[in-house]
Structure formats: structure tokens, C-alpha cells
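Naming convention: chains lettered A, B, ... in sequence-line order (proteins, then strands); numbering from 1 in each chain. As a basis for the values below, the full set of heavy atoms in this structure was taken, side chains included, without hydrogen atoms, waters or symmetry mates.
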Amino acid sequence: MAGGLKFKPKLVMTLTFWPNRKYWCGKLVILHFSPTATSFPSSPNSLHSCARQRLRRLQKEERISFTLIEMARSLAGFLVLLLVISICEAASLFQPISDSHRSAALELFTSDHGSFKSLEETYEALRTFQILGIEKKPDVTAAACRSISETVGSSSTPKDLFYALKANSIAQCKIHEKASKGIISSLNAAVGGASLLLDFYYSVGGLVLIKDQSSKADIHLADAEGVFRSVKAFSQSDGRWRYSSNNPESSAFAAGIALETLAGIVSLASSELDQSLISTLKNDISKLFDGIEKYDDGTLYFDDKLVDGHEYQGPLSTTSSVLRGLTAFAAATTGNINLPGDKILGLAKFFLGIGVPGDAKDFFYQVDALACLESNRVSVPLILSLSSAVLSLDKKDSLKVRVTTVLGSNAPPLTVKLVGAFSSDSKDASLLESQELKFDQGSGLHILNDLPKSIDVGSYTFVFEVVLQEPEDEKVYVTESQTKVPIFVTGIVKIENSEISILDSDLGSVESQSKLDLGGKNAVSLSANHLQKLRLSFQLTTPRGRAFKPHQAFLKLRHESKVEHIFVVGNSGKQFEIVLNFLGLVEKFFYLSGKYDMELTVGDAAMENSLLVAIGHIELDLPEAPEKAPRPPPQLVDPYSRYGPKAEITHIFRSPEKRPPQELSLAFLGLTILPLLGFLIGLLRLGVNMKNFPTKPVPATFAVLFHVGIGAVLLLYVFFWLKLDLFQTLKAVGFLGVFLVFVGHRTLSHLAAASAKLKSA
Amino acid sequence: MGRASSKEDVGALFRSLRSAYAATTLNLKIIDLYVGFAIFTALIQVVYMVMVGSFPFNSFLSGVLSCVGTAVLAVCLRIQVNKENKEFKDLPPERAFADFVLCNLVLHLVMINFLG
């Protein structure tokens, strides 16, 4: 009595790559859960046993079918997921600046007939176009020159002058001698009177720029060392700088600004500055770089604490500012600034990992920082990139690798070696030996023509090593020691020996068998009853001849009434086979006999010829459904009817109460008046009189008023019932009541006095 | 014999009641008449309700309770005005009447409000 369920959950994850993603290198495409269950036929002796017993036994060994959207439930699957994600962190793909950047720049930096909103934006736009090599548009240049000459002509703040001169260094408009003299004197005055870091930055920066632009070569800072020391006073021990002596907040952005300022001071100094100052500054730079922050994918950046929303700059502008300051300082001073090359590479990856920013300011920061990285005296990072990370075995794609600087210009002579390839599933030894890629002079690519036989379809991590050929270049350029790149290999998977057959349940003898051509059209027509089995089998082989397990291998049976059943095709090695034992599936099929269409789906991200093919149909003859059998779920006639308008609901108002006929009510109204009449008649019969009514005028009026008052209140009540509301009535009752109390008191006290007099008399 | 005598006794009882009642003062007789009128009105309303159902129940209650309430207040007045009551010897009847009027006015205000 063999039989049982064997669960083999396996998680297969596919990574597709979108270059220039900042944080994650892959996108989860398919996750599926494929258990395999085996069911063995029962022994021949039970042929004569009751069908019901067999049904119950076999139901325990039934196949289980899953739909595609089952997520990993088993712990093993989850751990594999975590492992793959952790590997994913290290392998990433960065691309240097390309034409998509240039077209994005043209879109982002829009100008109103060539002029931008401020000098700062004008400068940013001009600098971006300059770095990316975009042609200067004449109206932009003309408008820039206009605003520059405006700013330069009038007395402007050092900040405006600074940005005007910066824009002018690119636009190269002429500045009058007199104007430039005026600028120099105002900037010198600003340097002398500066107290905040930004004041020093703008004034010193302006002087540096005007020195390059005007014909006068002898612009010097009067007391360079003094200015240096006063700027240095803003520094802090952790390498960050403050904006002013009052404000204790420090930031890395300010550090970048300070370094730029100090570089300017050094270049403007008439005599050599004290070397100890320079070396302490180099120490400060190393301390600043000690505080660098790191993302998981190996990129490095600077960020400030978010204390005040206004002052917060964000990692992009902060890192850009630091880089600018660093490269300016390195350019201005002699000697080396010792920074580990991987820090520069991390910064380069940070900027490249952003992709194409959507904001003009972010774009400027990115491109400006990359221009600093492109040529500087510290070290120039070289980036390894691939044109395509997906290779096809059948198209015989070759692996093409390019090594360039961050802006895409050519690298010095070097060799690229593929030192290893690791499959994403297993972290075992490399699948190939270290080999050198051939360098093609014309295209500048390093090419590996044929992928080795050990690389089959699937996802891999290739590890490259870049070695500079000239030893002097090592001082100038820096490359990553080992670049891990994710590669996805696809190919055509051969489907062979596919056949479908109907078997007799117990003996396993084949009743009918037909070969299938899963690549082309099939129109197989089979028939079976519930005592038989259906078997479908085929073989999958990868281009390299190995066994292949696709993400999806499903057999779908669809009844005429559109009820569908999906089964997973299990495999052992290359052989894929599914056996449907209809005896066990009778209840699952809701006892529906009739024609079932069969459809086979075999698919995988690595498979270039994934297929969804109709095999044919099978006439199933199932027994009658017993009364308690489950009904098949109702099939939607039109999937849109679920969301279409529903039947209109008409509100049913409460039916009014049955009222008596009006004549009856009127009759009883009359009847109610009767007792009143009876009362009045009775009063007359009793012989009531008005003798006690006061005769003297004053008491008489009060008595009359008393009765009038009571009558008025009763009348008010009638009005209250007819149309007034409670508050109005209460107000009126209040007034009338006060009146009535007063009048009644007078009358009744008069009556009491009269009766007392009578008694005493 | 007993039945005839009980009949006679009932008759004698009634006659003596009537004669004793005739001796009451006019004031009290007026008040008694008023009470009778109020109760009778209430009874008619109850008969009507029994016939047609109590749909606007608040109206029915209001009508019946106003009649009953005014009857109760009249009874209180009668107690206070009756000179034979030693308890209320010091209370002047005018004062009792003033209370009666005031309470009636309040009762009728509430009842009109509840009538709906």
C-alpha cells in the first residue's frame, strides 16, 4: 500500500534588471510553489473491492494542483528568498551618462525665451549643458549675458555677483573694465567684512572667477592667511563645518562649501601659505570621509541630520557639495590627498545609481558631481558597464563589457578579466575559469564571444576584474577590485518525446496513445471513463543538454460549462509526467461528464520558447452525481457583469396606518361635546348664580380681567395646538401667567376679604 | 324574604344617600358635577379608542389624561374647600381655587403639547 504525499517546495526566483536603479538590483518576476505528489496504484487484489473504498483511499493520495499566485509558505523558501536578496545587494549594474541624460536635460532645463528665473538657475543650466556637451543655444546665451551685465553693472550682493560670474565663465560674455574693477573692489570689501561661511564663500569664489575672466592677472587676497584662519574657525572636530559662529549646527554641505572657499583662498594667496594649515585641512577631510554613509548596494554618500527643514539639503546636494569642495581643494594644493579609492568609487556609484533625475536642481547636482569625478587630482573612477545583461544562448550573444569614466569618455588601456561566474541558486565554486576578454579597438568594448559550456540558461552573477595596463595610471585612476554583475541567460528549451495516453487504471495497460507535437498544432481526441487514467509526458532539455525545471508546467482541463481544473506537471530530471487518475478526481470534477479541452502551459523567464498550447479534447464519462455532491462554482457569463450596475432598489415607504372613517370620528367629536352640555345644564339646574361677583368698579374690573385672562390662556392653548410652537407658547404663557397671577391675587383676596367680613358680621 | 329585603335595603341606601347629598353646599355640588363631566368625557374617548384602535397613541393618552387630571385636581379642590374637613380649616377657599386654576393651566399646556 504505497502512496503518500511528498512535498518538495522549491522557490525559483527570476531577476530582471533595470539599470540605474538606486537601491535594488532586481525585480521579483515569478515566485511559485511546486509540490510534487506521487500516488501509486493499489494492488491488483483490490480490483474486486467496492469502488467507494478505493475512492476514499485514493483521495488521500490525490494530486494537488496549485495556481500560480501561491507565495512561498515554507520556511525553506523564505530563507532562500532572503539569501538571494542578500546576494542581490552585492551584484548591481551601473551605467555611465548616456544620451538619455542629454535628452532629459533638454526637457528639464526649460527657459522662457532663453532666460531663467534666477542667475543661479542660469548658471546651473549652462553648466549642465556644458558638461553634457549640448550645444549652446543662442537665445540662452544672449539672455544670460543680459542678466549678467545687469547684475555686474549695478551694485549687487556678493551672492548675485558670484552666480553671475559663474554663469559668465561658461557663457563668456564680455565685462567692462570699469565694471570688473567695481566688482573686484566690492568683493574685496566683502571678504574683509565677512562673518558667515556663506559670505566668505561668495566673495572668495567671486574673486577667483573674476581673476580667470578679466585681463588683470594680479588679483590677490590681502591677508590670505588671516582669511584662511577665519574660515577654518568654522570647522569642527568631526570634519563637518558650521555656517556661522553663532549657529552650533554643522553639516557636511557646509564642509563642501568651506573646502571650496579654502581652495579659492589658496589659489588667490600671493605667497605660500603655511603648510601646517594645509595638512590640518587634509586631516579634516579624512575625518569628514570617515563619517561617510553607506547604502546596501555599496554606494556611499554624505547626509546631514534633519534638524530644520529649511536648512536640510538632502544627500544628493550634500554629497555633490563635498565632492566639489574636495576636488577644488585637491586642484589648488600640491601634494596628495590620501583617500581610499573605494570611497571615490562608492561616491561615483551613488551618483550613477540615481539614473536620470526628474528635477532640474537634482540633475545639476548629479552632473556637476560627475564632472568633478571625471577629472580630478584625487582619483578618477572607472565604471564597468554592460550594454545588455540578458544574453541568449541560441542567438549566440556575446558578452560585451565597456569600461569608461563616469561621463562616458574613454578609459586608459586596461584589460578586463572574467574571474568567475556563480549561479544564483547555488553559491558553490565558480562555474568557469578566469579568462581575459578580447578588446575591440573600434568599438571600445571588451568582448567574450562564446559563453562557456558550463553556462546554461538561468541567472548568474559574473565577477569581473579590471587591470590597468600602465602602472602610472594606477595613481590617477581607480577601479573596483571585483565587479559583480548580474547576468541572465536565456535559450530555447527543447521539448521532446511528448505523448499523451489513456491507461487502464489497475493494469496500467495502454488503451490509446498518441504522440504530440507541442511546438505545432494538435487536435487529439480522446475518450475515457472514470476507471481510467490520463498520462501526459514530455522531456525538457536546455541548450546545453541538461535537465530544466520551468517556473510553470500546467495542464488545464476545461469543461464545456467553462469549469476549469489546473494540474501541475511534476518531473524527475528531464522527464515531465502527469497522470490523472479519474477515479480520484470524480468529486473534484463535480461529476461533470462531457467534453474537456486540454491545454498545456510550459513557461519560464529563461525559456525563449515558452508555450501555451491546446492539446485537444477528451470525452470524460463520469458517474452520476449523488445528492450531496458539491455543485460546481457558478461560472461568470460575462466577467464585466460582476462590476456592472445592479438591480435598482425602490424604497418601500411605510404604509400609513389605517384610519377610521371620517364620519365616525366626527360623530364621536359630537359625543365628546355632550358631557360639556350636560355640565352646563346641570349647573343651571343646580341654580348657580353670580351673586358673589363684585359690584364696585375696581374689584369688578379685576374680576373681569381674571376671567378674561383665563380665557386668553385657553385661547392661547388652542393656537398652540393649531400653529404655534412650544417656545412661542411658553413665552406668551409666561406673560399671561404673570398678569393672571397679579389679577387673580387681587380678585381672590378681595373675595376672601368680602367673605371674611360676612363671616364676622 | 332576604332578597326582597336586600332590594329594599339597596333602595333605602340610595334614598338616604340622595337625601344626605342634597344637604351638601352648592359649591361642592358644582365641583362634583365638574368631576362627573370630566370622567364622562374620558370614558367616551376610551370607547372611541376601543372602537378604532389606538393609532395616534399620544393623542389618546393626552385626551384621556387631561380629563382624568382635571378631575383629580377638582377632587383636590373639593377636599380643600369642604368646610367639614378639619385639616384644611386654615386654608382659605380662594387660595385653593387659585391653586386649582394654576394647576389646570399647567396640565392643559402639557396636554396640548402632547396632543400632537
Stepwise side chain to side chain contact (heavy atoms under 4.5 Å, CB included) check, A/Lys588 with A/Phe567 = CA-CA 12 Å; A/Lys588 186 175 153 56; A/Phe567 302 94; 3.8 Å; yes

ask   = If you check every heavy atom in residues 59-97 of chain B against those of chain A, which residues fall under 4.5 Å?
value =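 Those residues of residues 59-97 of chain B which have a heavy atom under 4.5 Å from chain A are B/Glu94, B/Phe97.
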
message = Just so I know, are the side chains of B/Tyr48 and A/Pro660 near enough to count as touching, which here means a heavy-atom distance under 4.5 Å?
response =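 SC-SC contact between B/Tyr48 and A/Pro660 confirmed.
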
message = Could you tell me if the side chain of B/Leu107 sits less than 4.5 Å from the side chain of B/Asn104, heavy atoms only?
response =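 Sidechains of B/Leu107 and B/Asn104: in contact.
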
If I measure from the heavy atoms of chain B, does [X] come under 4.5 Å with its side chain, its backbone, both, or neither?
{"X": "A/Thr729", "value": "side chain"}
{"X": "A/Leu730", "value": "side chain"}
{"X": "A/Leu726", "value": "side chain"}
{"X": "A/Leu740", "value": "side chain"}
{"X": "A/Ser749", "value": "neither"}

task = Between chain A and each of B/Leu26, B/Asn113, B/Val52, B/Thr41, count heavy-atom pairs under 4.5 Å; write down the option with the most.
result =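 When all of B/Leu26, B/Asn113, B/Val52, B/Thr41 are compared, B/Asn113 has the most.
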
ask   = What option among B/Ile44, B/Leu102, B/Leu109 has the most heavy-atom pairs under 4.5 Å with chain A?
value =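 Option with the greatest count: B/Leu109.
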
Of all of [options], which one pairs up most often with chain B through heavy atoms under 4.5 Å apart?
{"options": "A/Asp725, A/Leu683, A/Val718", "value": "A/Leu683"}
{"options": "A/Val733, A/Leu676, A/Leu674", "value": "A/Leu676"}
{"options": "A/Ser665, A/Gly682, A/Gly687", "value": "A/Ser665"}
{"options": "A/Leu671, A/Leu716, A/Leu686", "value": "A/Leu686"}

Derivation of the side chain to side chain contact (heavy atoms under 4.5 Å, CB included) call for B/Ile39 and B/Val35 = CA-CA 6 Å; B/Ile39 296 293; B/Val35 170; 4.2 Å; yes

Inspect the surroundings of [atom1] in [X] and state if more than 12 heavy atoms from other residues, nucleotides or ligands are less than 6.0 Å away.
{"X": "B/Phe40", "atom1": "CZ", "value": "no"}
{"X": "A/Phe719", "atom1": "CZ", "value": "no"}
{"X": "A/His745", "atom1": "NE2", "value": "no"}

So, [X] side chain and [Y] main chain: donor-acceptor pair closer than 3.5 Å or not?
{"X": "A/His750", "Y": "A/Arg746", "value": "no"}
{"X": "B/Lys29", "Y": "B/Ala22", "value": "yes"}
{"X": "B/Tyr34", "Y": "A/Phe679", "value": "no"}

Which atoms of [X] approach chain A - backbone, side chain, both or neither, heavy atom under 4.5 Å:
{"X": "B/Val110", "answer": "neither"}
{"X": "B/Met111", "answer": "neither"}
{"X": "B/Phe55", "answer": "side chain"}

request  = State, to 0.1 Å, how close A/Lys556 and A/Glu564 come at their nearest heavy-atom pair, and which atoms those are.
outcome  =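 Between these two residues, the closest heavy atoms are NZ-OE2, 3.6 Å.
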
inquiry  = Looking at every non-hydrogen atom in both residues, tell me the closest pair between A/Lys696 and A/Pro699 and how far apart they are.
reply    =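 Heavy atoms only, the tightest pair is O-CD, 3.3 Å.
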
request  = List the steps, then state whether side chain to side chain contact (heavy atoms under 4.5 Å, CB included) holds for A/Tyr596 with A/His565.
outcome  = CA-CA 10 Å; A/Tyr596 281 82; A/His565 306 278; 4.3 Å; yes

